Amino acid sequence: MRNLKYAILGLVNREPMTGYDIKKAFEDRALTSFWHAEHSQIYPELAKLVDEGLLKYDTDIRGEKMEKKLYTITPEGHEEFLAWLKDDVPIDRTFKDIFRLRTYYSESLSEDEFFKLLQSQKKQHIDKRDKLADVKEKVFNNTPPKKGTTALGDYMVLDGAVLRENAYIEWLDKCIEIFKYQ
């Protein structure tokens with residue numbers, strides 16, 4: 001399944017956007033707390049969506065050569081996005097986590113090497129959690145927006161990302177505790 005397709009359709013369903021706007025949404029919004037897309041993925045997907053008739057664009061020429069495409073969702077794109085949104089799919093069998101895989105095989109490392117990895121992971125997850133919590137505070141004042149607004153979904157996803165990082169930090173603390181006293 002082309003999940004990026006639906007991430008882009010959802011963004012453009014909210015408001016018309018340029019390719020640059022879409023790229024920034026993957027970097028700056030609540031979306032970044034659970035989804036990532038590179039420039040090299042976004043623009044080919046935009047071309048496919050236009051070819052499929054799910055998006056269209058108007059071209060705005062700026063200066064002599066600067067061309068800017070403003071993408072909007074078509075009625076067909078809107079229908080397909082809503083059908084995808086309503087589909088209650090089963091959860092994936094297993095979330096892939098490279099550090100947990102390394103932890104599984106940690107007996108192959110020295111105690112010092114593994115302990116350093118645990119501490120490094122904890123610091124990275126604390127930093128990530130703090131950044132997410134900071135965005136939640138600045139954008140939403142830690143208060144859920146009203147139902148029916150695009151901001152509510154953003155808030156809920158961001159809140160979930162903070163909780164996810166807290167749970168990961170708690171797990172790392174337990175790993176450190178076990179490791180120290182074994």
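Values reported hereafter were calculated over all heavy atoms of this structure, with side chains retained and with hydrogens, waters and symmetry mates removed. Quick caveat: nothing in here was measured; it's all calculated off a predicted structure.
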Legend entry - Linked, directly or transitively: Ile42 and Leu70 (ILVMFWY side chains, under 4.5 Å): no
Legend entry - All pairs passing side chain to side chain donor-acceptor pair (under 3.5 Å) where residues 141-151 contributes a residue, at least two apart: Glu137-Asn142
Inset, instruction - Count the heavy atoms belonging to other residues, nucleotides or ligands that lie under 6.0 Å from CG of Asp87, then report whether that count exceeds 12. - result: yes
Legend entry - Co-membership, hydrophobic cluster, residues Ile8 and Leu82, 4.5 Å side-chain: yes
Inset, instruction - Could you list the residues that satisfy side chain to side chain donor-acceptor pair (under 3.5 Å) with His39, not counting sequence neighbours? - result: none
Legend entry - Tyr43 vs Leu46, side-chain contact (heavy atoms from CB on, under 4.5 Å): CA-CA, chis, key distance, verdict: CA-CA 5 Å; Tyr43 286 92; Leu46 284 169; 4.1 Å; yes
Legend entry - For Ile98, the rest of its hydrophobic cluster, which grows through side-chain links under 4.5 angstrom: none
Inset, instruction - Quick one: pull up CD in Glu67 and OG1 in Thr59 and give me the separation to the nearest 0.5 Å. - result: 5.0 Å
Legend entry - Listed partners of Glu79 passing side chain to side chain contact (heavy atoms under 4.5 Å, CB included), at least two apart: none
Legend entry - Any residue meeting side chain to side chain contact (heavy atoms under 4.5 Å, CB included) with Lys5, in chain and number order, not counting sequence neighbours: Arg2, Leu9, Glu45, Leu49, Glu52, Leu54, Glu80
Inset, instruction - Would you kindly confirm whether Leu163 and Leu132 end up in one hydrophobic cluster when ILVMFWY residues are joined by side chain heavy atoms under 4.5 Å apart? - result: no
Could you go through residues 168-179 and list every donor-acceptor pair under 3.5 Å that involves a side-chain atom there, pairing it with any protein atom two or more places apart or in another chain?
residue	atom	partner	partner atom	Å
Tyr168	OH	Asp97	OD1	3.1
Tyr168	OH	Asp97	OD2	2.7
Asp173	OD1	Lys122	NZ	2.5

Inset, instruction - Kindly write out the residues that satisfy side chain to side chain contact (heavy atoms under 4.5 Å, CB included) with Ser108, not counting sequence neighbours, or none if the list is empty. - result: none
Inset, instruction - Could you work out the complete set of other residues in the hydrophobic cluster of Leu101, with links drawn between I, L, V, M, F, W and Y side chains under 4.5 Å apart? - result: Tyr104, Tyr105
Legend entry - salt bridge (Lys or Arg N to Asp or Glu O under 4.0 Å) partners for Asp112, two or more places apart: Lys116
Legend entry - Leu4 CG to Trp35 CH2 distance, which is reported to the nearest 0.5 Å: 7.5 Å
Legend entry - Arg102 atom CZ: more than 12 heavy-atom contacts under 6.0 Å: no
Inset, instruction - Look only at the side chain of Ser120 and the backbone of Leu117, and say whether a donor-acceptor pair between them is shorter than 3.5 Å. - result: no
Legend entry - From Leu55 atom CG to Tyr71 atom OH, the distance as rounded to the nearest 0.5 Å: 8.0 Å
Inset, instruction - Any pair with a residue in residues 145-164 that passes ring-ring contact (aromatic ring centres under 6.0 Å, His included), sequence neighbours left out, goes on the list, sorted by first then second residue, please. - result: Phe140-Tyr155
Inset, instruction - Determine, using the 4.5 Å side-chain heavy-atom cutoff (strictly less than), whether Leu158 and Ile126 are members of one ILVMFWY cluster. - result: no
Legend entry - Residues that Lys56 engages under side chain to side chain contact (heavy atoms under 4.5 Å, CB included), provided they are two or more places apart: Thr72, Thr74
Legend entry - Distance (rounded to the nearest 0.5 Å) between Glu38 CD and Lys23 NZ: 7.5 Å
Legend entry - Rounded distance [0.5 Å steps], CD in Gln119 versus CZ in Phe114: 11.0 Å
Inset, instruction - Please collect all side chain to side chain donor-acceptor pair (under 3.5 Å) contacts where either partner lies in residues 125-134, sequence neighbours excluded, each pair once. - result: Lys123-Asp127, His125-Glu165, Arg129-Asn166, Asp134-Lys138
Legend entry - Minimal non-hydrogen separation, Ser110 against Glu113, with atom names: N-OE1, 2.8 Å
Inset, instruction - Considering non-hydrogen atoms only, spot the tightest contact between Phe26 and His36 and give its length. - result: CD2-C, 4.3 Å
